[in-house]
Structure formats: C-alpha cells, structure tokens
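Just the heavy atoms: all of them, side chains too, but no hydrogens, waters or symmetry mates, feed the values below.
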Amino acid sequence: MDDSGRGEVLRFLRKPVNFRPILFCAISFGVGIFFFGKYAAKGALAALFSFAAVLAFICVALPFCIKRRRKVFLITSAFCLAFVALGLLTAGIAFNKYLGGRFEADGYFVSGEVESVYENDGKYFATLKNCKYNGKSGGKFYFRYAPPELEKYDIVEIVCNAVPAETFKGSGLSSNAIYGRAMVSARVNHYRVVGKSDKIYARFAVFTDGILSKGFGKEEYAVARALLRGDTDEMAETIDFYRLSGIAHVFAVSGMHVGLVFAAFTLIFKPVRVRKIYKSLAISCLLFIYAYLCGMTASSVRAAVMCSVAALVGSVGEKKDRVNAIALAFVVVLLINPFDLFRAGFVLSFAVSFAIIVFSRQISDKLSFLPKFLRDSLAVMISASSVSIPLCVIYFGAFPLVSFITNLIVVPLVSVSFYMLWLGLVVSVILPINRLIAFFVPGNLLHLATGLCKVFANFPLSISGFPAVFAVVYFVALLSVAETVNTGKRLRFVNCAYVVLSLALLSCLSLV
C-alpha cells in the first residue's frame, strides 16, 4: 500500500464516522422498538437483545474514539442506552393499548368508520376505525370478505361474530398487531351503511369530489382525487399502469405531496416580515392541517413531521443539519406510532429521504457539466433509486426498470398537476367559472401522464431478485460511500463501483 492509501486507512481508524449524537440516539430508539416487535412473545428477551446489540456496537466503536472525545462518546453511549429503553417502553405502551382494544370472541353489534378498503383475488377487505363493540369503545375492526360497495369514510353498522385478531406470528408481532386491527369478523349476519363520517376530513373529501367530478372525465377524475388526497378507490385498473411504471408512490400522500405543499407555503411566507421561527411554526401547522384533510394517514403524518422538524431545526440553528433533522423526525414519528417501523412505507420514506440527503450533493457535483435543473433531478433520482431498488424487491418482489424514465418524465408532470389542481379548486370556489375551464390545464397534464404510464407499463424488464446476504453487503458498501463515513477516496470509489456493478448485474439478469 502506498503512502496515500495508508493515510486514508489511518484517517478512517482515527475517525470512522462524522459524530452525530442525535442520529445514534435515534437509531438506538429504533433498535429498542425493532427487538420488541421481533420478540414480543418472549418478554424480557426483547430487552436483552436490544441492549446487547447497542452495547456490542459501543464496545466495537470505543477503541476508534480519540482520547479527547471519549468523555463525549461515553455520555452519548449512555444516552443511546436510555433511548433503547425509551424505544422498548414506547412499543410496550402501544402494545398494551392494542391489547386494551380487544374483547372475547362473541356476537357483537359493531359500528365504525371505514378507514381503508382493498381487493385481493376478487375478495374485498375493509378496516374500520373508531369502533364500538356493543357500545364499548375498542380497537380497529378487520372486516373480512366485505361488500365491494364500501367506501372510505362510510359509517358502517355490522351484526356479526367477532374474534380477537392473532397477536403474534412466531415470536414477533403479527400484521394485525402492527396495523392495530384488534378484532376480526368471523361470521357476518347483517351490515348496513348508515352515512358518511361527519369529521372535517370526510366533509372535505365530499366537497372536493363534488367539484372535481364536474371538471374532469371519469379517468382523470379518479387520478385527480387520488393525487390530492391519496384516495385510489375510483382508479380501478388505472392504478395498475402507474404501479407497473414504478410511480404508484405519487398517490400515497407522503414526502412528495407534503414537500410540494411545504415549498408552496415557504414561497408564500417569504415576503412576510416576521422571524423565521414564526414562519416555520405557521407552515408546520398548515402541513398538519393538510395531513388531517387527507385523513391523517400514516404516510402524510410522517411527511408532515419530517418537513416540520427540518424547518424548525433550520430556523433556530445557525447551520441546518438535515441528517440530525431526519433523525429527530424519525424519533417523533415512532413516538406517535412505534409499529410504523415495521411498515414498508415508513422504511422506504426514511431510507429514500436519508439517501437524498447524504448522496444527492455528491452526485450533483459529479454532474456539474449538465444544466442545473437536469443535474439536480438526476442527483435526486439516483440517490433515491440506490436504496429504493433493493427495498422494493425485498418488500414487493420487483422493481420495474422503466421507473428511471417515468420518474424523470412523468413525476414532474404530476408535480405540476398537483399545484394546478389546488389552483383550480381555489378558482372554482371563489369565481363562478366553468369547472372544465378551471381544470383544463391539470386535466390535460393528468391525461398525458396517464397515457405515458400506459405506454411505459408495457416495458417488461424488472429486477426481481436481491439475495439477503447480497443486500447486506450492498447496503454496507452504499453507506460507506456517504460523506457521513470517512472511508477515503479510494475505498469510496471501490464501494461505489460495487454498488453500480451490482445494480447493473441485476438489471442484466432481468434480460435473461
């Protein structure tokens, strides 16, 4: 090894990572929740594994810590162990709350609000929230083999036999426990829809549907309401074209939607002459109002928290550290619902956001020869794809390669449509204008976006395999490329080459 290579190794040994106490505490918090979820049926074993994992990391990292910073390292380590305990406690409270919403198997008169409906193999399943069982408040109700005419926000009354949902799967929590479904229908004797929810978000849905239905054709109307509120019930087979094109995420009210709303309000508040912290607080409140109007879905709340924390951290500090901001958002979201950690949407949103934060600037610098807009778009797409590809294969079984094209072409069209839809809504409410005129621009944009997705959906190639061991090595190599880890230029180059070649190899295998 020459002198430069030896120097890189020595620098890495002296300081392997850029020290961020909040990030390590957030990871420790997640470790506590993770082991609770995986070993909930084993009791104290979950706590034992949690503390053992973090202590093992501390023991491995301690020799690399320079002497003058060991005191800070040990204090941070103590905080990390405290956050492990906090994670276990938060998960335990959420689990006990879930158990408190269960009743013995019996015949019940169940009433509740439809939270979601989905179809699988020709059968329909619905989840009801704000449920009452023979007049007593309880947890969510899983309505198996529900009637297909059920819609989101319907208030339903059901006479049925209900049983407690399965709590554990092996030694860990079942999907019912993770999603809060406390009771499950066993035999339904009678049901009826008695009306719509009187909550503000349900009224907002009815109000916007009434306006949109008069401004769009049937297909564009379904896409428009899904884009505004994340409600895909009316999309039928159209949603499949977006899924096969790799951009169905545009209909989950999450980072993209809340980010666009955040950008719009930031621009609106920019000329207002008040302190930045007050602007950030006002924008944060508006983001949560938007999340509420979308039904307070997990993804919308998660995105609102992430944007709000980033804005508030940036407004009170001299330097905006986006890694610390996302770490703090991670903790806040899991305090609200610790079992979000086991949902694909949570993992994807935080992993993609983290990748964009730590990789996009590096990639953008390497593409400095391109126009700024194209350079930034490519940097964000490459950063997001670096983690979304293996995660999509792991969670959903495949990653369509055509999504590289659709994310560059269709997503900008959808983003512009999102703004134009809100503008059309405002104009329709304020002015006595023909709805077809108010929504002329977004209608054509959505028609174009859907048409492109129908074309791209026929592109057959996708990555459908990512072996577990291969994925672990891949993520380790990917993390070492980030500036958060001080691996040096040579090792970064090797790991970056490994990441690129891995994706290229898997893409080539899709041709076979």
Can you tell me how far [atom2] of [Y] sits from [atom1] of [X], rounded to the nearest 0.5 angstrom?
| X | Y | atom1 | atom2 | result |
| --- | --- | --- | --- | --- |
| Cys80 | Ile75 | SG | CD1 | 12.0 Å |
| Arg361 | Lys366 | CZ | NZ | 11.0 Å |
| Leu421 | Leu446 | CG | CG | 5.5 Å |

Between the side chain of [X] and the main-chain N/O of [Y], is any donor-acceptor distance below 3.5 Å?
| X | Y | result |
| --- | --- | --- |
| Arg203 | Asp198 | yes |
| Lys196 | Lys152 | yes |
| Thr127 | Ser116 | no |
| His257 | Leu228 | no |
| Tyr419 | Leu260 | yes |
| Asp154 | Glu151 | yes |
| Thr90 | Leu86 | yes |
| Ser385 | Ile382 | no |
| His447 | Glu220 | no |
| Ser383 | Ile356 | no |

Is it true that [X] and [Y] have ring centroids separated by less than 6.0 Å?
| X | Y | answer |
| --- | --- | --- |
| Phe466 | Phe399 | no |
| Phe346 | Phe350 | yes |
| Phe330 | Phe354 | no |
| Tyr179 | Phe339 | no |

Handout entry: Between Arg229 and Thr208: side-chain donor-acceptor atoms closer than 3.5 Å
Key = yes

Handout entry: Distance-only donor-acceptor check, side chains Tyr292 and Ser300, under 3.5 Å
Key = no

Handout entry: Side-chain heavy atoms of Ile27 within contact of Phe57, under 4.5 Å
Key = no

Exercise for the section: Let me see the working for Phe241 and Phe456 under ring-ring contact (aromatic ring centres under 6.0 Å, His included), right down to the final yes or no. Expected result: CA-CA 8 Å; Phe241 296 121; Phe456 293 137; over 10 Å; no

